[in-house]
Structure formats: C-alpha cells, structure tokens
Protein chains: 2
Amino acid sequence: MNIKDIAKISGVGISTVSRVLNNSGVVSDTTRARVLSVVKQYNYVPNSNARNLKKLQSNTIALMVKGISNPFFANMIKEVERQVHLRGCPLMIQQVEDGVDEIAAAMQLIKEKNLYGVIFMGGTYDHSEEEFRQLGIPFVLTTITTLKDVDPSAFSSVSIDDVQSAYKATDYLISLGHRNICFLARFPFKENTIGSRRLLGYKKALEEHGIEYDPALVEDCEYAPSFGFAAAKRLLNKNLGVTAMFAASDAIAIGAAKAVLSSGLSIPGDVSIVGFDGIEMAEYYHPSLDTVSQPGVEMAHVSVEILFDLIAGDTANRHVVFESMLVKRGSSRKVT
Amino acid sequence: MNIKDIAKISGVGISTVSRVLNNSGVVSDTTRARVLSVVKQYNYVPNSNARNLKKLQSNTIALMVKGISNPFFANMIKEVERQVHLRGCPLMIQQVEDGVDEIAAAMQLIKEKNLYGVIFMGGTYDHSEEEFRQLGIPFVLTTITTLKDVDPSAFSSVSIDDVQSAYKATDYLISLGHRNICFLARFPFKENTIGSRRLLGYKKALEEHGIEYDPALVEDCEYAPSFGFAAAKRLLNKNLGVTAMFAASDAIAIGAAKAVLSSGLSIPGDVSIVGFDGIEMAEYYHPSLDTVSQPGVEMAHVSVEILFDLIAGDTANRHVVFESMLVKRGSSRKVT
DNA sequence: TTGTACGCGTTATCAG
DNA sequence: CTGATAACGCGTACAA
C-alpha cells in the first residue's frame, strides 16, 4: 500500500493525497473526505523513509541516554517522550553504553536519519566546542552544567548546580557536628564528570568550615547499590571514624546504607547518610534516606521546550539551572 | 555528502562505492582502499532513509517496552540492545504508555519504518491472533506466557511460568505457617494481566493447603513503591491479622515493607514479605527482601536469539519458559 | 572489475 | 482546486 494505490482507489492524483495527508495546499472538502476514508479503510501509513528522504529532514527527535538503567532517568525519559509526542514528533531513545562517546553516536544518527534535534541525558563534560558545532542541528544537554573550554553560547543546557548542591549536603552534615564525612561517587578524581563537580562542592564545604580534606574518605563507585555497598564496606574497614556518608546518587546511598546496617551499625544513630537525586526507592528505604533532590521531570520538560524553541529558529542558546532541594527524612542526625 | 560525492572524489563510479560499503560484489583491493580512505576522511555515513527506501526493508529492530521506568526492565533493555547491536542492527526503543495498545503502536512503526523485527517487553495478554498476524514481520513476546484464544504456533515468547512462580512463593509462606497472606498486584481481578496470572498461583497454593481464599486480602496496586506502600497501609488498617505479604513486584514489596516498618511492626518478626522480579534494590533493602527472581538478562538474550532465528527464516515459533527462583534473604519466617 | 541508468515512495513545483 | 513530474540518496541489473 503506497500513496499511488490510495490515489488510484480514491480516483484522484498522487499530489492530492499528499496534500490531504500533510494538510498542505488546498483541497476541496469532498475530495479530502473521500481520500481520508480510503486511507482509513486500507489502514494506510505513509512510509517515513521515503518522506524523510524527500524532505531531507525527518521530524524525529533523538534522546541519547547515558545509562538507561539509572533509576533517576526513568521518569525523565517518560516526560521527554510525553512532551515530544505532544508536539507531534516521534522520539528515538538511544542507550549509550558507559565509555561510548555520546557525541559521536549522535553524529552518526544525525547523518543516518536526518534528525530534527537531540537531547543528551547524562554523560560527561569533556567535548570540544568543535564537536558540538559539527552536530549541526539543535540539541540540549540535560543534567550537564558547564563544559570546560566551551563557549556557553554554543550549547543549551538544563541542570542543577552540582557544586552548590553537594556543598549544601556536606554543609548540612557538618552543621550537625560531623567531621569525618566520606564521599562516594563515580570518577570523583577524573575531571569533567558529575562526580568530580560534586566532589568540588564537598571540598568547598569542608574548607569553609576549616576541616581538612582527606582523600582516603573519598571512594570511587558506580551509580548502583552493589557498588555503593562495596565502597562503604571498604570505607568502614579503614576504621577512619566515619560518622557520615554523602553519596553522589541515591542508588549508591542505598548500597552504602545496607553496608552500614548489615555491619550492625545504625542509621542515623552511628552513621548519617545523605544521597543525591531524589528517587522513590530512597524515600521508601528504611530508614528513609535524606537526599539532595533534583526536579527531574521539570528538567526533562524544560529540555524539550528549549529544544523546540531552537528548532523553531530561536537562535539564542539557553542555560536553565534548577534549584536542588535538600530533603531531610531522618537519616542524618547530630553528633553527640 | 552523498554517495555521488564520494564516488567523484574517489574517482570511481557510484556502484563501486556502494559495493565497497556493503561488501557486495567484487572490488579490487586498491579501489576498495581508496574509497574507504575517502569515506573515512569525509566522515561519510550513508543515508539510512534512502537505503531503507530502496531496500524496502530496514534492518532496524524495535523494542516496545510497556513501562520503561520499571526497574526490572532496566537490565533487560540493556541486554537486548547489546545483543541486537552485536548482530549489526540498530535498535529503536519505544516506550509504550500504560493504556496504549502496543500492537497498534508497533503496527504503525512497522509500516512507517519497514522494521526488521519487534520485541515486546511487558504488556498485557489480550490481543487476538488476527492482530498478531497483521504485524507481518517476526516478533517475540518477552515476559508474556500464554495468550487467551491464540494459537501458540502464531507467536514466539520468552517468559517464566507466572502461575507456578506465584504458587511457589505462596506455598513457601504457607509452609512457614502463615494463613493470612495478602497479595498485592496490578489488576489482579482483570483477566489477561500478569497480576491475574500470579493471583491464580496464589489461589492455587491456598486451595491445596485448604486455606479459604479471601478477596479482602487482595489489593490492586501499581508496580511502584508508593502504591505498594498505600496498599499495604490499607490492608493493615483492615485488621485482618495479616502475617505475610506477597507482592507481585519488588517495587511493590519495598513500598509494602516500608508501610509495615513505619507502622512499628518488624520484618520478619511480625510480617513476612516476599516480592517478585529480583531487582537489585530489594536485595539492598534492610532487611533484604525475599523474592521470586526472574532471569531477566537471559530472557532478554534468548528473546533476541529467537527473533533473529525467525528473521533468518526459521519458521517455527518457539516458546521458552525460564525457571524462576525463590530467593530467601530473611524477610520471611516461621509463624510462632 | 567497473560505470550507467532506473526505481524505491514521497513531497514540491509547476502548469492546467 | 487538481494532476503530472522532477528530484531526494541509494542499491542493483545490465552493459561495457
């Protein structure tokens, strides 16, 4: 079934069918109705390959997700999809393996599919301005704040202030009297990662309160409970007198909490814990875990808005920084 | 940049470039090298729209996920992607909203993009044989066992035995002396859902042990902690003397556990809990939650295998039923 | 071994 | 208001 068949059956020309389907040009109401009924009857769907080939431009939006199993992204992905569909565009979700260059992957996809726009969710900070320029189509970075050596006018972003947010959590723990606070994150010592930016905030808080920074208190740890568990175990075994843990994700925090609890220690009695992200599972943990919560759904929503503004020809790149929120649920308490 | 440009620059004909790119036909080594170097140099990527249009068939596989935020699916999605890419095909992940007909959505996609094959992950059981036949391309149902009124030879599936698995969990709780066991699931009373199949197993176990089935012990509940929490709260407030809870997903179990613990009751002291799926978060919950674990990654792997067998012309549909495993971590204990 | 020419299903331009 | 027709970029007979 192609447009030619529909045209023949409807007794009209090909272009008329095309006009009806795309609401372009003018078609008499009777012809339109006739064509539409045939389309309905034969369940005809235009071939998007042919369409995109001709238009040299598809209306497909791609979402490049670095770590699709990250629970924090789950609701964000849903919202992106909702918003993109609301604007009548198909969405392509593309999982990007850890270690794979998301820009290169996007580049490939753009050329292959003539994409309309791209949203990057998660990922790292180390790409050159040139790489972004080569993308050649509108894009938005979600979750990423600043890029080293890249002119802010060259890209749009939606994020929270990672440094400030980590500062907030650490400062809170310090205000409760904690001194030996450990920090768990992915690649904390590697430049241009979310982990390193949060480490910056952690350090800043320590410094402001005159607490010496001790690298032994920082553990590298993937964003999953099992890794948080292992990292926290390692830390506890060092006997550094840790009384508080700050994890760069709730998933890590949950693993760390398990390590603490299964060691016979109590939360927050012996160890206070603060996570990051604000996923549901942390709230329903027992005890409920404190966290620095990011407004994920709104961030997703605004990302799509910006993307479509850019597509509509809005040349000004925008940077929206959301406020994170320290949510206290009782997994931290004053040192006695 | 198109194939013509590459041909001109390389000083060869279009078809030679095509032959090099597709490894079809025979090309002299020197010409091949020259063309490839030009391709590399200009970073040329063939336009997949034109390619698929011409071939009347793309090599794209679609994964229709019903509820992409379901944590149990996270690793499965990753594995599907890995396996599909391993076979040199691009994967399109398509989130299907709750309430949206996944077959209709797939149908649309198939016509639009000339898909190669489809994997359905999650979703319900109520589609007619005719609908499946209309898809017209190879597909595999993952997570779904049987379909009402559909000839098994009309589709392939990869799943566990939901009835048997639920039976196993309930039987375990009964063997520990529990009599008032409640059951939490999505749409337990609606036919053709996973929830209803697991309810069947639950009932079967009760019956075999001569325990009367009480509908008041069954709560409808979405697959997320917040709903599990609310459902468990409702149940506890009924004062039915519940000593054990069986949840149709770990996410529900986590919410239910929180409800129990925050009511001042203990697990497993006062209430035993068994979940379903085997997600990481349940293992790192405190206490670690017992569960009926599904081998998600293997299921994903086999799904892709079957799909490609079908694509390769293997006409026989297959049904692989994996064994679920009752994982005891200490959240259940003998009634005293 | 290589190049030429046609057609895949659409949209857009133009003449009617 | 409508219908022919020329591209879009690629794969593939078929001719050289």
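Only heavy atoms go into these numbers, but all of them, side chains included; no hydrogens, no water, no symmetry mates. Chain letters run A, B, ... following the sequence lines, proteins first and then strands; every chain starts at 1.
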Q: Take nucleotides 5-16 of chain D nucleotide by nucleotide from the 5' end and write B, S or -, depending on whether a protein heavy atom sits under 4.0 Å from the base, only from the sugar-phosphate, or from neither.
A: --BBBBBB----
Q: For A:N59 and C:dT11, give me the distance from atom CG to atom P, rounded to whole Å.
A: 11 Å
Q. Side chains of B:F73 and B:P71: closer than 4.5 Å at any heavy-atom pair?
A. no
Q) Between A:V17 and B:S28, who's closer to the 5' end of DNA chain C by nearest nucleotide? A) B:S28
Q: To the nearest Å, give me how far apart NZ (A:K8) and P (D:dG3) are.
A: 14 Å
Q: Find the distance between CD (A:Q95) and CG (B:L63) and round it off to the nearest 0.5 Å.
A: 11.5 Å
(Q) Side chains of B:S159 and B:T143: any donor to acceptor distance under 3.5 Å? (A) no
Q.
I want to check a possible cation-pi pair here: B:R186 against B:Y223, using under 6.0 Å from ring centre and within 45° of the ring axis as the test.
A. no
**Q.** Check: B:R51/B:N59 side-chain N/O donor and acceptor closer than 3.5 Å
**A.** no
Q. Looking across every strand, which nucleic acid part, if any, lies under 4.0 Å from A:V27 by heavy atom: base, sugar-phosphate, or nothing?
A. sugar-phosphate
Q) A:S58 side chain to A:N114 main-chain N or O, any donor-acceptor pair under 3.5 Å? A) yes
Q: Using only side-chain N and O atoms of A:T31, determine if any of them is under 4.0 Å from OP1 or OP2 of D:dC1.
A: no
